[in-house]
Amino acid sequence: LWFFTIFDIINIAMSKRIIIYRHAKSSWEDLNIDDYDRTLNSTGLMDAENMANIIGTKVILPDLILCSGALRTRQTIDALRKKNPFIEIEYDDNLYLAEKYAIEYLISEVANDVETLLICGHNPGLTDFINSKTSNTYEEIPTSCIVVIEFNNYLWKDIQLSNGTITYIEYPNKTINSNLKNSLLS
């Protein structure tokens with residue numbers, strides 16, 4: 001027999017989930033364009049569409065998206081937004097090339113009624129955040145990579161002291177990149 005206290009039930013019902021989403025592959029065609037204004041290349045546009053399908057079918061849709069203001073992250077999220085126009089999105093320039101501490105801070109400011117949060121941003125900050133919040137040590141997550149992390153805490157403000165578990169990873173070209181696993185982890 002399993003016995004749960006009211007606090008166990010609240011924690012289960014209110015646990016938090018973060019979907020880390022590194023922007024899709026960007027163009028380096030014009031080296032005169034500022035990094036912030038780089039667009040996605042044709043592979044990136046296709047990958048963004050494919051990953052939007054995966055987020056819509058294999059991963060729970062987020063309640064809120066925090067997205068870097070850089071053009072390549074906005075284009076990455078546009079593909080998801082086209083398929084799910086009712087997801088709330090906040091563009092934040094503080095996510096542009098943010099370090100893990102800045103990412104933690106932005107997450108800690110999210111309203112607690114948000115259960116699933118998607119962060120679309122850049123490396124190395126996203127990889128550093130994943131490594132600091134899980135038992136994994138990835139060198140670098142690839143472009144268009146989705147990493148879902150489950151947290152047992154129920155307040156976003158506690159994220160800085162929390163560790164989670166990776167429950168799902170997906171990315172294009174998974175057979176080429178053997179550094180990451182492409183499966184539901186348990």
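Bear in mind that the values here come from a model prediction, so they are computed numbers and not experimental data.
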How long is the straight-line distance from [atom2] of [Y] back to [atom1] of [X], given to the nearest 0.5 Å?
X      : Y      : atom1 : atom2 : value
Glu29  : Ser42  : CD    : OG    : 9.0 Å
Tyr168 : Ile54  : OH    : CD1   : 5.5 Å
Thr76  : Lys25  : OG1   : NZ    : 11.5 Å
Asn41  : Thr143 : CG    : OG1   : 8.5 Å
Ile107 : Ser162 : CD1   : OG    : 10.5 Å

Quiz item: Passes side chain to side chain donor-acceptor pair (under 3.5 Å), Ser27 versus Arg38? Steps please.
Solution: CA-CA 6 Å; Ser27 174; Arg38 284 192 296 120; over 6 Å; no

Considering all heavy atoms, the nearest [X]-[Y] contact:
X      : Y      : result
Gly164 : Phe151 : N-CE2, 3.5 Å
Asn163 : Thr134 : OD1-N, 4.5 Å
Val147 : Cys145 : CG2-SG, 3.7 Å
Thr57  : Asn53  : OG1-O, 2.8 Å
Gly44  : Ala24  : O-CB, 3.3 Å
Ala48  : Ala79  : O-CB, 3.6 Å

Quiz item: Just one of Ile77, Val59, Ile146, Ile18 clears the side-chain contact (heavy atoms from CB on, under 4.5 Å) bar with Leu118, so which one?
Solution: Ile77

Quiz item: How does the hydrophobic cluster around Leu45 look, that is, which other residues are in it when side-chain heavy atoms under 4.5 Å mark a link?
Solution: Leu40

Self-check item: salt bridge (charged side-chain N to carboxylate O under 4.0 Å, His left out) involving Lys58 - partner list, sequence neighbours excluded
Solution: none

Exercise. State which residues pass salt bridge (charged side-chain N to carboxylate O under 4.0 Å, His left out) with Glu109; sequence neighbours excluded, sorted by chain then number.
Key: none

Quiz item: Taking atom NZ of Lys83 as the centre, does the number of heavy atoms from other residues, nucleotides or ligands within less than 6.0 Å exceed 12?
Solution: yes

Quiz item: Are there more than 12 heavy atoms of other residues, nucleotides or ligands under 6.0 Å from atom OH of Tyr101?
Solution: no

Acceptor/donor pairs from residues 63-73 side chains to any protein atom, 3.5 angstrom cut, sequence neighbours excluded:
unit_1 : atom_1 : unit_2 : atom_2 : d
Asp63  : OD2    : Glu115 : N      : 2.8
Asp63  : OD2    : Thr116 : N      : 2.9
Ser68  : OG     : Ala70  : N      : 3.2
Ser68  : OG     : His122 : NE2    : 2.8
Arg72  : NE     : His23  : NE2    : 3.4
Arg72  : NH1    : Asp35  : O      : 2.6
Arg72  : NH2    : Asp35  : OD2    : 3.1
Arg72  : NH2    : His122 : ND1    : 3.4
Thr73  : OG1    : Ser68  : O      : 2.7
Thr73  : OG1    : Ala70  : O      : 2.7

Quiz item: Does anything in residues 126-137 pair up under salt bridge (charged side-chain N to carboxylate O under 4.0 Å, His left out), and if so which pairs, sequence neighbours excluded?
Solution: Glu104-Lys133

Exercise. Run the numbers on Ile166 and Asn136 for side chain to side chain contact (heavy atoms under 4.5 Å, CB included), then give the verdict.
Key: CA-CA 8 Å; Ile166 294 176; Asn136 299 77; 3.3 Å; yes

Practice problem: For the residue pair Gln75 and Thr39, establish whether any side-chain heavy-atom pair is separated by less than 4.5 Å. | Solution: yes

Self-check item: 4.5 Å side-chain heavy-atom contact, Ile159 and Tyr105
Solution: no

Self-check item: Pair Asp93, Tyr36: side-chain N/O donor-acceptor within cut-off below 3.5 Å
Solution: yes

Tell me whether [Y] is reachable from [X] by hopping between hydrophobic residues (I, L, V, M, F, W, Y) whose side-chain heavy atoms are closer than 4.5 Å.
X      : Y      : result
Leu95  : Val114 : yes
Ile89  : Ile19  : yes
Phe129 : Tyr96  : no

Donor-acceptor pair, side chain of [X] and main chain of [Y], under 3.5 angstrom:
X      : Y      : value
Asn84  : Ile87  : no
Asn131 : Tyr138 : yes
Lys16  : Asn112 : yes

Quiz item: Could you walk me through whether Asp47 and Tyr171 pass the side chain to side chain contact (heavy atoms under 4.5 Å, CB included) check?
Solution: CA-CA 9 Å; Asp47 288 346; Tyr171 52 94; over 6 Å; no

Quiz item: Could you go step by step and tell me if Arg17 and Val148 meet the side chain to side chain contact (heavy atoms under 4.5 Å, CB included) rule?
Solution: CA-CA 7 Å; Arg17 177 182 301 108; Val148 180; 3.7 Å; yes

Exercise. Please list, chain by chain and in numerical order, all residues satisfying side-chain contact (heavy atoms from CB on, under 4.5 Å) with Asn123, sequence neighbours excluded.
Key: Arg22, Leu126, Thr127, Glu140, Ile141

